[in-house]
Number of protein chains: 2
Amino acid sequence: MSQDSTGVDLETSLGYLLKEASSALRAAMEEALRPFGMNVTRYACLELLAQRPGLSNSELARGAFVTRQSMNVLLQALEREGYVTRPAEAPVGKILPTRLTPLGRQSLEKATAAVRSVEVRMLAGMTGPEQSEAFRLLQSMIRSLRDTA
Amino acid sequence: MSQDSTGVDLETSLGYLLKEASSALRAAMEEALRPFGMNVTRYACLELLAQRPGLSNSELARGAFVTRQSMNVLLQALEREGYVTRPAEAPVGKILPTRLTPLGRQSLEKATAAVRSVEVRMLAGMTGPEQSEAFRLLQSMIRSLRDTA
DNA sequence: GAGCTTATGTCAGAATGCTGACATGAGTCA
DNA sequence: TGACTCATGTCAGCATTCTGACATAAGCTC
């Protein structure tokens with residue numbers, strides 16, 4: 001009996017375990033990215049831009065799971081440091097499409113190997129079907145949380 | 001072909017999906033806890049103390065997945081507001097065992113129902129065996145990330 | 001006991017992310 | 001056209017969490 005009637009047993013809670021896994025992944029990612037002077041959000045932003053050039057600030061924010069205000073601060077820094085470019089004026093509406101510079105692309109490529117090795121490490125010990133199942137189950141959780149919101 | 005040889009395809013990355021799930025859970029939790037003037041870390045701290053009274057600052061930090069410095073800031077606030085108590089002097093070593101006050105316990109109980117409903121919502125659509133499998137797979141990821149660190 | 005390593009509590013400063021607010025542009029609809 | 005709604009970019013202020021640093025206590029080894 002590790003649990004009274006009113007509490008949430010942390011030892012058996014999937015939510016708690018999900019947070020633990022995310023925390024472990026984040027720590028491993030930050031550690032892997034630190035030698036490149038990068039953090040997780042910064043890397044996510046660059047990776048998103050590599051795969052879908054021209055994303056707006058708000059789209060990048062949604063993709064990196066931060067608010068558009070936070071992403072705006074980050075983009076201003078990246079722009080100042082020469083990793084990305086944005087047009088001075090919006091070609092349409094207020095959206096400023098962002099693109100990687102050669103410097104940004106180069107910086108991303110250095111970090112990518114480190115990030116990939118973290119993911120490989122995380123999945124070591126899981127079979128292909130198990131990885132597919134994990135993918136499916138996580139998608140189910142996300143959908144349930146969003147739909148009923 | 002959505003993927004060149006150097007990148008990490010975010011659409012199929014389990015790491016990215018794990019971050020997405022964690023982000024969705026966190027958002028749902030923060031929203032559920034806001035009416036009670038609480039956030040996730042604060043709730044985790046109180047819940048840990050309810051289940052294992054007398055935990056030290058460092059142990060609470062590990063349980064809530066923040067640094068001990070962050071937990072120290074939080075504990076000082078909780079103590080000031082009367083939710084927890086710590087002895088003025090360490091009974092042994094430097095460890096200050098923390099305990100919930102009646103006010104802290106009462107505050108926790110109010111929040112618990114909200115938190116539990118979020119977890120139930122997240123698991124809607126998953127069978128019992130699927131939940132067990134998700135638990136097992138997340139544990140595997142955590143172990144792999146930690147062991148090879 | 002002396003020395004080493006590890007863990008703890010704490011302070012200070014910096015980085016990061018959030019909420020609130022505002023102005024502006026696009027789309028919809030009557 | 002005008003009114004309404006929604007999404008966007010941005011500024012400001014605040015909250016949260018982090019890294020770095022220090023002193024101290026426990027445990028272990030010699």
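To find a chain, count down the sequence lines: A is the first, B the second, and so on, and within it residues start at 1. Just so you know, these numbers come straight off a predicted model, no measurement behind them.
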Got B:L103 and B:S107 here, is their nearest side-chain heavy-atom distance under 4.5 Å?
->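 They are not in side-chain contact.
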
Close side-chain approach of B:S22 to A:K19, heavy-atom, < 4.5 Å |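 Not touching, per the 4.5 Å side-chain cut-off.
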
Can you figure out which of C:dA26, C:dC18, C:dC11 approaches the side chain of A:V92 most closely?
->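 Nearest nucleotide to the side chain: C:dA26.
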
Please tell me which of the listed nucleotides, D:dC18, D:dG9, D:dT10, lies nearest to the side chain of A:I95?
->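 Minimum distance to the A:I95 side chain belongs to D:dG9.
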
Please check the phosphate of [N] (OP1 and OP2 only) for any side-chain N or O of [X] closer than 4.0 Å.
X	N	value
A:N72	D:dG9	no
B:R86	C:dT10	yes
A:N57	D:dT10	no
B:S70	D:dT16	no
B:T41	D:dT16	no
A:N39	C:dA15	no

To the nearest Å, give me how far apart [atom1] ([X]) and [atom2] ([N]) are.
X	N	atom1	atom2	answer
B:R26	C:dT16	CZ	P	17 Å
B:Q76	C:dT10	CD	P	6 Å
B:L55	C:dG9	CG	P	11 Å
B:E30	C:dC18	CD	P	10 Å
A:E31	D:dT19	CD	P	11 Å
B:L75	C:dC11	CG	C1'	15 Å
B:L74	C:dG9	CG	P	14 Å

For a quick test of reading the model, state the closest non-hydrogen atom pair linking [X] to [Y] and the distance between them.
X	Y	answer
B:G54	B:R99	N-CG, 4.1 Å
A:V40	A:M29	CG2-CB, 3.6 Å
B:F135	A:L17	O-CD2, 3.3 Å

Flag the pair A:R136 and A:E133 as a salt bridge only when some basic side-chain nitrogen lies within less than 4.0 angstrom of an acidic carboxylate oxygen.
->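 Result for this pair is yes, salt bridge flagged.
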
Give a yes or no on whether a salt bridge exists between A:E47 and A:R42, defined as a side-chain N under 4.0 angstrom from a carboxylate O.
->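 Looking at A:R42 together with A:E47, the answer is no, because their closest N to O distance does not fall below 4.0 Å.
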
Nearest-0.5 Å distance that lies between atom NZ in B:K110 and atom CG in B:L33 |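 The NZ atom of B:K110 sits 13.5 Å away from the CG atom of B:L33.
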
Spacing of A:Q131 atom CD and A:M122 atom CE [to the nearest 0.5 Å] |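 Those atoms lie 8.5 Å apart.
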
Under the 3.5 angstrom rule, does the side chain of [X] hit a backbone N or O of [Y] as a donor-acceptor pair?
X	Y	result
A:E20	B:I142	no
A:E30	A:N39	no
B:S144	B:M141	no

Return a table of donor-acceptor pairs under 3.5 angstrom between the side chains of residues 85-97 of chain A and protein atoms on other chains or two or more places apart.
none

Restricting to nitrogen or oxygen on both sides, can you table the protein-nucleotides 1-6 of chain C pairs closer than 3.5 Å?
none

Looking at every strand, decide which applies to A:L96 at a 4.0 Å heavy-atom threshold: base, sugar-phosphate, or nothing.
->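 Sugar-phosphate, backbone atoms only, no base.
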
Base, sugar-phosphate, or nothing: which does A:R42 touch, judged by heavy atoms less than 4.0 Å apart?
->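 Here A:R42 touches no strand at all.
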
List the atom pairs, with distances to 0.1 Å, where a side-chain N or O of residues 55-66 of chain B and a protein N or O form a donor-acceptor pair under 3.5 Å, not counting sequence neighbours.
residue : atom : partner : partner atom : Å
B:S56   : OG   : B:E59   : N            : 3.2
B:S56   : OG   : B:E59   : OE1          : 3.2
B:N57   : OD1  : B:N72   : N            : 3.3
B:N57   : ND2  : B:R68   : O            : 3.3
B:E59   : OE1  : B:S56   : N            : 2.9

Can a donor-acceptor pair under 3.5 Å be found between the side-chain atoms of B:Q69 and the base atoms of C:dG9?
->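 Per atom types, no contact qualifies.
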
Just checking, any donor-acceptor pair under 3.5 angstrom between side chains of A:E79 and A:Y83?
->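 A:E79 vs A:Y83: no donor-acceptor pair found between side chains.
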
Any residue of residues 58-65 of chain A with a heavy atom less than 4.0 Å from an atom of DNA chain D =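 A:S58, A:R62 - these, ordered by number, are the residues of the stretch whose heavy atoms sit under 4.0 Å from the strand.
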
Between which residue ranges does DNA chain C form stems of three or more consecutive Watson-Crick or G-U wobble pairs, both distances under 3.5 Å?
->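 Stem list for DNA chain C: C:1-30 with D:1-30.
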
Of B:S56 and A:V66, the one whose closest DNA chain C nucleotide lies more 5' |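 Result of the comparison: B:S56.
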
N/O-N/O pairs, protein side and nucleotides 22-24 of chain C side, under 3.5 Å:
residue : atom : partner : partner atom : Å
C:dA23  : N3   : A:K94   : NZ           : 3.4
C:dT24  : O2   : A:K94   : NZ           : 3.4

